[in-house]
2 protein chains.
Amino acid sequence: MISAEQGAFRALADPTRRQILMHLSTREMTIAQVCEKFEVTRGAIKKHLVILEEGNLISVRRAGRERINRLHPQGMKSAVDWLQYFSRFWDDKLTNLEIAINSENKSKESHND
Amino acid sequence: MISAEQGAFRALADPTRRQILMHLSTREMTIAQVCEKFEVTRGAIKKHLVILEEGNLISVRRAGRERINRLHPQGMKSAVDWLQYFSRFWDDKLTNLEIAINSENKSKESHND
DNA sequence: TTCATACGACACCAAATGGTATTATAACGG
DNA sequence: CCGTTATAATACCATTTGGTGTCGTATGAA
C-alpha cells in the first residue's frame, strides 16, 4: 500500500493534470468535456483522469454512458498537510494559523512516508 | 521556462526526495550524510539532490570538497500556494484563515500554469 | 608526495510515463 | 434495428525516471 500523499503528489506532478483539476474546480465534467480543453487525444486524457482518481483527487460517477469527473479536494489536503509541516520555515504567521487549526483538529498524520 | 510550481511538484513526486526534505528539515547535510539515511547509491542520491535543487526546494553551498545541502522551504511555498486555491473546497475554516492572510499579503500569483 | 575521501560525470539499464492509434463495447435517439 | 456517441481497452512508441557501476577530479590529512 502506498501512502495517501504519494498518490496525490504523483498525480500533481504533471501540468496537464493540474490544469484538469483547475477546470474541474469550476464544474464537474465528462471525459469529452475535459478533452475539449486540451489538444491531446482522449486516450491521453483518460489516462490522466485514471491517475487523478488513483490519487484521490477526483471522484467519478457513471451516468448512462457518460463518466462524470468531479473534483475531490480532500485528496489534495493530504499533500497540503505534508507540505505544511514546512510552513514554520517560511512564514511565522502561517505557523500561528496552523497551530490554531491543530489545537482544534487533533487528527494529524505523521510524516514518516 | 517552466513554472515555479512545476519544478516543485516534480521534485515532490518522489518519496525518497520527500524523505530527504524531512531529513534536511532537521539540519543541513552533505551528500554523504544524506546517503547514510538510505539504502541506495550515492549516484542515485546525487540525482535526487539535483532535482530538488532544480525545484528550488534546497540550496547548495560548497565548503572545501564537501557539498552542503540545505532546505530552501520558500520553494515549497509555490506548491502550497497552488494547492491552497482549492482550500475553499475542503475546509471553510482554513478558507477564513487564508482570507485573513490574503488581506495582508497582496502578492498572489495566478494559476495559469 | 601519497593516500584516502567527497564528489562529479558518464554510460548503461529496466521500468514508468505521456502519448498515439486502433479496436471494442455500450447506451441513447430516431 | 441502426447509426451515432461516449467511453473502455489494448498495443505500441519515444522519452523520462530511478537506479547502478565505473572512472575521473579535487581536497584534506599523514
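Here is the naming used below: chain letters follow the sequence lines, and residue numbers restart at 1 for every chain.
Rounded to whole Å, the distance from CD on Gln6(B) to P on dT16(D) is 13 Å. Atom CZ of Phe38(B) and atom P of dT20(D) are 13 Å apart (whole Å). Residue Asn69(A) contributes atom CG, which lies 12 Å from atom C1' of dA6(D) at whole-angstrom precision. For the pair Lys46(B) NZ and dT25(D) C1', the interatomic distance rounds to 13 Å; values are reported in whole Å. Rounded to whole Å, the distance from CD1 on Ile31(A) to C1' on dA9(D) is 12 Å. Rounded to an integer number of Å, the gap from CD1 of Ile45(B) to C1' of dT17(D) is 15 Å. To the nearest angstrom, C1' of dC7(C) lies 15 Å from CD of Glu36(B). Computed from coordinates, the Glu66(B) CD to dT25(D) C1' distance equals 16 Å when rounded to whole Å.
For the pair Arg42(A) (side chain) and Ala44(A) (backbone), a donor-acceptor distance under 3.5 Å is absent. Although no hydrogens or angles enter the test, the distance criterion places no donor-acceptor pair under 3.5 Å between the side chain of Arg17(B) and the main chain of Gln19(B). A donor-acceptor pair is defined here as one N or O able to donate and one able to accept, closer than 3.5 Å; such a pair exists between the side chain of Asn69(B) and the backbone of Met29(B).
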Between the protein and nucleotides 26-30 of chain D, are there any N/O to N/O pairs under 3.5 Å, and if so, what are the atom names and distances?
{"unit_1": "dT27(D)", "atom_1": "O2", "unit_2": "Arg65(B)", "atom_2": "NH1", "d": "2.9"}

Is there any protein nitrogen or oxygen under 3.5 Å from a nitrogen or oxygen in nucleotides 17-24 of chain C, and what are the pairs?
{"unit_1": "dT17(C)", "atom_1": "OP1", "unit_2": "Arg10(A)", "atom_2": "NE", "d": "3.2"}
{"unit_1": "dT17(C)", "atom_1": "OP2", "unit_2": "Arg10(A)", "atom_2": "NH2", "d": "3.1"}
{"unit_1": "dG18(C)", "atom_1": "OP1", "unit_2": "Asp14(A)", "atom_2": "OD1", "d": "3.4"}
{"unit_1": "dG18(C)", "atom_1": "OP1", "unit_2": "Arg17(A)", "atom_2": "NH2", "d": "3.3"}
{"unit_1": "dG18(C)", "atom_1": "OP2", "unit_2": "Arg17(A)", "atom_2": "NH1", "d": "3.0"}
{"unit_1": "dG19(C)", "atom_1": "OP2", "unit_2": "His48(A)", "atom_2": "NE2", "d": "2.4"}
{"unit_1": "dG19(C)", "atom_1": "N7", "unit_2": "Lys47(A)", "atom_2": "NZ", "d": "3.0"}
{"unit_1": "dG19(C)", "atom_1": "O6", "unit_2": "Lys47(A)", "atom_2": "NZ", "d": "2.2"}
{"unit_1": "dT20(C)", "atom_1": "OP2", "unit_2": "Thr41(A)", "atom_2": "N", "d": "2.8"}
{"unit_1": "dT20(C)", "atom_1": "OP2", "unit_2": "Thr41(A)", "atom_2": "OG1", "d": "2.5"}

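The aromatic rings of Tyr85(A) and Phe89(A) sit perpendicular, their planes meeting at an angle over 60°, well past the 30° parallel limit.
Bending across the helix from dT1(C)-dA30(D) to dG30(C)-dC1(D), expressed as the angle between its end axes from five pairs apiece, amounts to 20° (10° rounding).
Minimum heavy-atom separation, Gln33(A) to Glu28(A): OE1-O, 4.2 Å. Between His72(A) and Ser59(A), the shortest heavy-atom distance links the atoms CB-N, 3.9 Å. A pairwise comparison of heavy atoms in Ile31(B) and Lys46(B) identifies CD1-CD, 3.7 Å as the closest pair. Shown here for Ala63(B) and Ile68(B), the closest heavy-atom pair between the two residues is CB-CD1, 3.8 Å.
A distance of 5.0 Å separates CG of Leu21(A) from CE of Met76(A), quoted to the nearest 0.5 Å. Put simply, NE2 on His48(A) and CD1 on Ile20(A) are 6.0 Å apart, with the number rounded to the nearest 0.5 Å.
In summary, the aromatic rings of His23(A) and Phe38(A) are positioned with their centroids under 6.0 Å apart.
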